[in-house]
Number of protein chains: 2
Amino acid sequence: MVGIEDVAAAAGVSTATVSRAIRGLPRVSPRTRAKILATAKELGYVPSSAASRLASGKTRTIGVLAPYVDRWFFGKAIDGVDRELHGRGYNLSLFNLGGRTQPRERLFSKAMVQKQIDALLLLCMYLNEEEIEDLHAIDMPLVVVGGPVPGLSNVGIDDYQASRTITEHLIDLGHRHIALLHGQDDSDLNFSVPRIRGEGFYDAVHHAGLEFDPDTALFGDFTVKSGVEALRRFLELPEPRPTAIVCASDEMALGVMFEARRRGIRIPEDLSVVGIDGHEMGAAVGLTTVWQDPTAQARRGTRMLLSELGGDEGAVRPEKAEQRLIVRESTAPPRR
Amino acid sequence: MVGIEDVAAAAGVSTATVSRAIRGLPRVSPRTRAKILATAKELGYVPSSAASRLASGKTRTIGVLAPYVDRWFFGKAIDGVDRELHGRGYNLSLFNLGGRTQPRERLFSKAMVQKQIDALLLLCMYLNEEEIEDLHAIDMPLVVVGGPVPGLSNVGIDDYQASRTITEHLIDLGHRHIALLHGQDDSDLNFSVPRIRGEGFYDAVHHAGLEFDPDTALFGDFTVKSGVEALRRFLELPEPRPTAIVCASDEMALGVMFEARRRGIRIPEDLSVVGIDGHEMGAAVGLTTVWQDPTAQARRGTRMLLSELGGDEGAVRPEKAEQRLIVRESTAPPRR
DNA sequence: TTGTATGCGTTATCAC
DNA sequence: GTGATAACGCATACAA
């Protein structure tokens, strides 16, 4: 295999100069640089990343910690990270944690992970006290994209405002009896997207002077399937049932809509449905929602990380992302 | 930072022994191994992967090349790879290529990529001759998951059979005039999933002695949105229109169904719709399809790679994945 | 601007 | 079963 010494010999220079030339560092005359680049290409020289990492201490790799990769928000976000990284010679190392089950497994890996990456991008998920503590202990640029984590900088929408906005939209339409489909029963977690979205809902309802019947609080897990199941439970509620339902995510809202149609419940005539996220399928079925752009958020977070690595201290900091109410056909005034 | 020498010194042994002990190699007495492991833990020792890579030549990282990460098949597949890797101490390096545009960009990166990984898992996509050639030149275990690539081992369903099966299901129901929603206009590519799925369709139609009107061949790009648009074009076809439509993917079929409902076209009374893939939302809306499991396929492919790396030559080889016709409510006999 | 020399932290090959 | 030591391939002070 051709190494830096071969290039140096062939170009009649030292390895130090080759190193500088290849990496585009200053202090290399245009002539020698050109010559080196040419011979390097000719010999098919490719630097050994392993050696480079060892010698420089930099991995040129950023890690992405995600609870899922096959769910809307995370897929979009990972895509965004990748887009920023490529072309800049950075690699993306993916670490899937798997939902809320066995988060312990990682406590050890974390230490290993740390030596494999220069910076870490965390995608919103449920974290316990201990894990948050571990995160704080990690000594490298770190940003979270999505839900807020106490003490860490994050790029994401204001989830409280999002659910409050979408709920008030229903109230403005005249709804007085609204059900809620939570993202998860996480009453034990203090900081998490599902919880915050729930609070926005409650505050909107109470602020409007309305009552919320605890029996109309349903729980799902952000999947379409759980939305389907939620609607079935909704139909078991005693009459008069709520005239609208706020879903903590578009994916669940879609499930609710699908099953409603199947059961002959008309939307929005019989039931208004809203979600949060801006899932592409929502547009196709006319779902009213609060839109956000996970890809853009992830790109922004990645750029912060890169800047920080580039020496720009303070580049990583909290930043609110764009969000927008999009009214479509799944909402209308209640009929009764 | 604590290195292997610190551990060796503290444990009163040589670095060589520490190395063996830590990696679980033989030729270390139980006693010394226990002692070493204990002091290593005590000192918080974590091996430097960079140094290990340099010395051993192995990266313990497998690369995943994907055209998208935020699309159903790919998200599921990446998830599968990750699941197999974690726990075995392997890392997952993700390389997003981006659809069919600028595939050239990679030709150089490929060489760089090669030194960063021990094996490569390719997710089905469009490849030109040149790229296939490059792939063959790569000297490491390589497997493709999804569509077949000439000369390379792949794990995936029989796409020809899938589309043929789904088309024959419609023919069996009595449909004589069937439209096709291609995954893409890729008449210039010889081997790709969309093309193969198209062939299965044509063969089924011709084998049944039916005619296919070229005007009823529509084109999409596997997204829900393109399905929506395809239905609009479908409605512009002169009467009598086809009584059924075969979509090259569930995502497109979903788009077709959504827009059909919006336009007041009843499914399956006015139009039968079928897809291929087994997308979760298909179940929620009653879409008839040919199911497959990308996660399982990716896990299988990953395991082959790992076996091959483990010295089991010939572990990587072509393997057909499970597929199954699932009849739901989007199909029925034609009314005319 | 360019060259020299040392260090980076393991792994692996021998001996013992 | 254990130890000494030479690679591994590049980055980077420091010197020229």
Side-chain angles (χ1 to χ4, degrees), chain A residues 1-37 39-40 43-61 89 91 111-118 309 311, chain B residues 1-37 39-40 43-61 89 91 111-118 309 311:
Chain A
M1 213 201 44
V2 36
I4 198 172
E5 298 204 39
D6 302 301
V7 179
V13 298
S14 71
T15 63
T17 305
V18 173
S19 181
R20 295 191 206 102
I22 296 279
R23 291 183 296 154
L25 295 185
R27 305 196 168 194
V28 178
S29 79
R31 281 196 51 198
T32 38
R33 183 188 303 276
K35 184 172 182 180
I36 290 173
L37 258 31
T39 67
L43 298 180
Y45 169 68
V46 177
S48 155
S49 67
S52 175
R53 289 179 185 211
L54 183 56
S56 71
K58 277 104 167 54
T59 65
R60 289 194 78 79
T61 295
N91 282 120
M112 314 199 67
V113 160
Q114 189 160 183
K115 314 198 85 163
Q116 318 243 58
I117 58 182
D118 292 338
L309 288 176
Chain B
M1 212 200 47
V2 37
I4 197 171
E5 298 204 39
D6 301 301
V7 179
V13 297
S14 71
T15 63
T17 305
V18 173
S19 182
R20 294 188 209 103
I22 297 279
R23 290 183 295 157
L25 295 185
R27 303 194 169 195
V28 178
S29 80
R31 280 196 52 199
T32 38
R33 182 188 304 277
K35 184 171 183 182
I36 290 174
L37 257 32
T39 68
L43 298 180
Y45 168 67
V46 176
S48 153
S49 66
S52 174
R53 288 180 185 208
L54 182 57
S56 71
K58 279 103 168 51
T59 64
R60 290 194 78 80
T61 295
N91 282 120
M112 314 199 67
V113 161
Q114 188 158 345
K115 314 197 86 163
Q116 317 242 59
I117 59 182
D118 292 338
L309 288 176

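Just the heavy atoms: all of them, side chains too, but no hydrogens, waters or symmetry mates, feed the values below. In what follows, every chain begins at residue 1, and chains take the letters A, B, ... in the order their sequences are listed.
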Notebook entry, point to check: To the nearest 0.5 Å, what is the distance between CD1 (B:Ile4) and CG (B:Leu43)?
Noted result: 12.0 Å
Note to self: Any base atoms under 4.0 Å from A:Val18, or only sugar-phosphate, or nothing? Heavy atoms, all strands.
What the structure shows: nothing
Item checked: Main-chain N/O of A:Thr59 paired with A:Asp118 side-chain donor or acceptor, under 3.5 Å -> yes
Margin query: Strictly below 4.0 Å: does A:Thr32 bring a side-chain N or O up to OP1 or OP2 of C:dT1?
Written below: no
Checklist line | Backbone of B:Ser52 reached by a side-chain donor or acceptor of B:Ser56 within 3.5 Å | finding: yes
Next item on the list: Starting at the 5' end of nucleotides 6-16 of chain C, put B wherever the base has a protein heavy atom under 4.0 Å, S where only the sugar-phosphate does, and a dash everywhere else.
Entry: -BBBBSB----
Next item on the list: Give the C-alpha distance, both sets of side-chain angles, the deciding distance and a yes or no for side chain to side chain contact (heavy atoms under 4.5 Å, CB included) between B:Arg60 and A:Gln116.
Entry: CA-CA 11 Å; B:Arg60 290 194 78 80; A:Gln116 318 243 58; over 6 Å; no
Margin query: Which heavy atom of A:Val2 sits nearest to which heavy atom of A:Gly44, and what is that distance?
Written below: CG1-O, 3.8 Å
Item checked: Nucleotide D:dC8, atom P - distance to CG of A:Asp6 in whole Å -> 12 Å
